[in-house]
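The chains referred to below are lettered A, B, ... by the order of the sequence lines, with proteins before strands, and numbering in each begins at 1. What's counted below: heavy atoms across the whole structure, side chains too, no hydrogens, waters or symmetry copies.
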Amino acid sequence: MRPERYDFAAAEPKWRKIWDERQVFTSGDAAKPKYYVLEMFPYPSGRIHVGHVRNYSMGDVIARYKRAMGFDVLHPMGWDAFGLPAENAAQQSGSHPATWTYANIASMRTQLKSMGLSLDWSREIATCDPAYYKHQQKLFLDFLAGGLVDRKQSKVNWDPVDHTVLANEQVVEGRGWRSGALVEQRELTQWFLRIGKYADDLLTSLDTLDRWPEKVRLMQRNWIGRSEGLLARFAIAGDPTGEIEVFTTRPDTLFGAKFVALAPDHPVARAAASSDPALAAFAEECRHIGTSVAAIETAEKKGYDTGLRVVHPFDPSWVLPVYVANFILMDYGTGAIFGCPAHDQRDLDFANAYGLGATPVVCPEGVDPATLIVSETAFDGEGRLVNSRFLDGLTVAEAKEEVAKRLETAQLHGRPQGERKINYKLRDWGISRQRYWGCPIPIIHCPDCGVVPVPDADLPVKLPEDVTFDKPGNPLDHHPTWKNVACPKCGAAARRETDTMDTFVDSSWYYARFTDPHNESAPAAPEQLSRWLPVDQYIGGIEHAILHLLYSRFFSRAIRDTGHGGVAEPFAGLFTQGMVVHETYRAASGKWVAPSELRFETGDKGRRAFLIEGGEEVAIGAIEKMSKSKRNTVDPDDIIASYGADTARLFVLSDSPPDRDVVWTEEGVQGAWRFVQRVYRLAGELANAAAPVGASAPAEFGAAALDVRKATHRTIAAVGDNIERLRFNTAIARIREYANELTAALDKVETVPVSADLAFAFREAADVFVQLIAPMTPHVAEECWSDLGHSEIVSLAPWPEADPTLVAQDMISLPVQVNGKKRAEILVAHDADEATIREEALTQEAVLRAMEGKPLKKFILVPKRIVNVVV
RNA sequence: GCGGACGUGGCGGAACCGGUAGACGCAAGGGACUUAAAAUCCCUCGGGCCAUGCCCAUGCGGGUUCGAUCCCCGCCGUCCGCACCA
């Protein structure tokens, strides 16, 4: 006897056990076409959060749907397991980072498994596993051999208390986020990956990623920041060899130049500062402002006249002053510019501060050059050149070309004075971190041989286990013996590189490792890479729009170009899902209160919240991103324990479009819960009226049976289309609509057993209904599928096919408008000719009334859409 | 400042290529069943009016069109990204 209510607590573990034992989700049937669906793998913080539930539920719907569509689906899971939190935990609790990390992985794996995700767990990887980072080290060495790695001095944010490098986002108001110490700018020798080599390819290939959000492509475009311009060299007056090279995108405005400005760290500026203490002090001041993001925003343009003068390239008698200025960046272009105040706002602000003047040299069409004055706002639009000697009358583009040509042929100090140049904002990727819990950089420093790669046979360079975290700085550096090693080349006493890699490196190739996760000799076999890559659908948060995705695109190219195989673009389809947000609650004391501590009432004064303990009323605040500090989080474990995984999955997929934020509400969860129960009930009711499994179709269908079948096939078509387009919320809405239709059809049944045609229609409906909901709520679907008499599980059932003849409507209802306002509705055959429709429309009482006896001016028929009568 | 996205009932949202605005759900109100509750089921649910019907309504103001949530112009508001990149 089937129970009245669905007991998720019994059913969910039962079905997961069956999936697990039968290895239903293991990929590798080469006879089928492949489909690779991947969600961004989690950092093992210890607990999954609702954001994970949403992310992985979406991926799972796609995986289950594609599997049912006959694809060999790769849907793996792993752990982004290196990173600073493990070291922080080690400092605080004394547990070793590895112990802490693997314990977290174990508990999160249990949590993820309780969600019923159709993952191939046999491919699980963790980036902190030597079996994984061994290949990462090999890739690094291959990149090094392939000219994709650089070692150079670079400025870093140095925390003098923690003895570590900080990322920009770890510097808060000029201080280290953890230590609170004033951050210093230090020059350190660091390892860099030369992502800049691929700048142009990474930029132009964005156009091919037509299944990426336009927003992400735009962000990457801006980040890469290509600009075409000219390098131009200015001779220093009175110095036979001295010169300053500037980069400009506006060579056309050269006759509007009023000054040259240098970054404080420009070599010429440093040289000048060495004999001018005031300039040295000014440069030092600039460096300090550079550390604070807030300061840059409000900083005034400031400069210091070095006293140097440079000669205008087109007029030996024209000299320009050379300033050191706080707004010039050393690491973009050449660290030097020429300033044209009339046509650049920054230059104008600077010129106004130092009385340098502004001569307009570009005049917009239709403006009299004589009246052209620039005082507060620079003009950066199009126009024709004025006040520019041989450039006068040319367009901006023509003038740029002319200046470039002339400077390319002009000579200064025996070299061409100008050179066309394409610049990128994208910098090479510094990967050195002075930390323990990361992938060791496989390099040995020998006093005689210099930088020596660790030989392949010695890989992986494993992290030592006996480390301490009681001292600030890098534990690898403090380790008594680990860094001492013989040089592989000459055998002399040498020292290991003690820096480890940025954790973004770990996540830049994990999608490739999943294709062949247990390969010991290579990151992945080329045939596995070509079998699975690119990832067909990648799903994750928008916060990775730039770095992770750009680094991965770079790695995929670098892996291919160092002979490992694979593809240029790792992610053919990208979807960025929205966050899960929640109301906030605050007591009168100002303390944040967790939703689990509250009870709610709805009355005359609207919705109110009270503490369960004590009954104090608390204020219901804004809906915000879930965060521990505001205590507005919900624990997936609690939800799954009280409602089951299917309810949690259904809720995060319903209501809101997947790319937008979804508000977590108790009412919404209960709505999902009710529907899970309804699925179970409805399947049971349908079963009672349905023909047995495999019953053959009767020759004829009556009206009632036909209506049910039409609803069935229309829903198959709609849900499939919605899932393909990742519109899970509308897919679920269609299924709920279908449930309403089936309930109504069952209500109409007067006699049991029903006629054979209706029984067939109900059998078909019951099966399809369960199959359509299965990707979202797989456990209850399996339970119902079994109750419906199927011997095989629904997870292995092929997706139902919509019969086009049943999807098409034979009678359609056409709205009839008079002068654009709807007045009536007519029911006509889908293939009715215009004359029939016209006759029907024009005899409608409401239409005639609206026409008020006026003569018909025009009759518009949009087939299958609408009729409009114009009078 | 620059770039982008978005504004639809009490709420989340739907509406395919310019063709019935408000699917589906949440909340609310009314009712049935019940000793009662839970669960379930049914009905109402954008606003207004001279209510068998009509008018207004997709942030605001214009425009194009037989017809505009959708296209164009101008405002207002919200959110996101970048932030002196020469």
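With a cut-off of 3.5 Å on both Watson-Crick or G-U wobble distances, the partner of B:A23 is given as none. Pair assignment for B:G3: B:C80, on the basis of Watson-Crick or G-U wobble contacts that are both within less than 3.5 Å. Nucleotide B:C71 has B:G63 as its partner under the Watson-Crick or G-U criteria, with both atom distances under 3.5 Å.
The side chain of A:Pro657 sits closest to B:A14 out of B:A23, B:C56, B:A14. Among the nucleotides B:G13, B:C84, B:A86, the one closest to any side-chain atom of A:Phe327 is B:C84. Here B:A83 is the nucleotide among B:A83, B:G3, B:C80 with the atom lying nearest to any side-chain atom of A:Trp223. With B:A21, B:C54, B:G25 as the choices, the nucleotide that has an atom nearest any side-chain atom of A:Asp655 turns out to be B:G25. Closest approach to the A:Arg736 side chain among B:A15, B:C24, B:U20 is made by B:C24 (side chain taken as heavy atoms from C-beta onward).
Using the six-membered ring where Trp is involved, A:Tyr354 and A:Tyr323 have ring planes that are tilted, between 30° and 60° apart.
Rounding to whole angstrom units, NZ of residue A:Lys864 and C1' of B:C16 are separated by 15 Å. In this structure, A:Asp661 atom CG and B:G7 atom C1' are separated by 16 Å, rounded to whole Å.
Contact of A:Lys301 with B:C84 (side chain to base): a donor-acceptor pair of N or O atoms is detected under 3.5 Å.
Straight-line distance between the P atoms of B:C11 and B:G81: roughly 26 Å, to the nearest whole Å.
Remark: A:Lys301 fails to qualify as a cation-pi partner of A:Phe350 under the 6.0 Å distance and 45° angle criteria applied to the six-membered ring.
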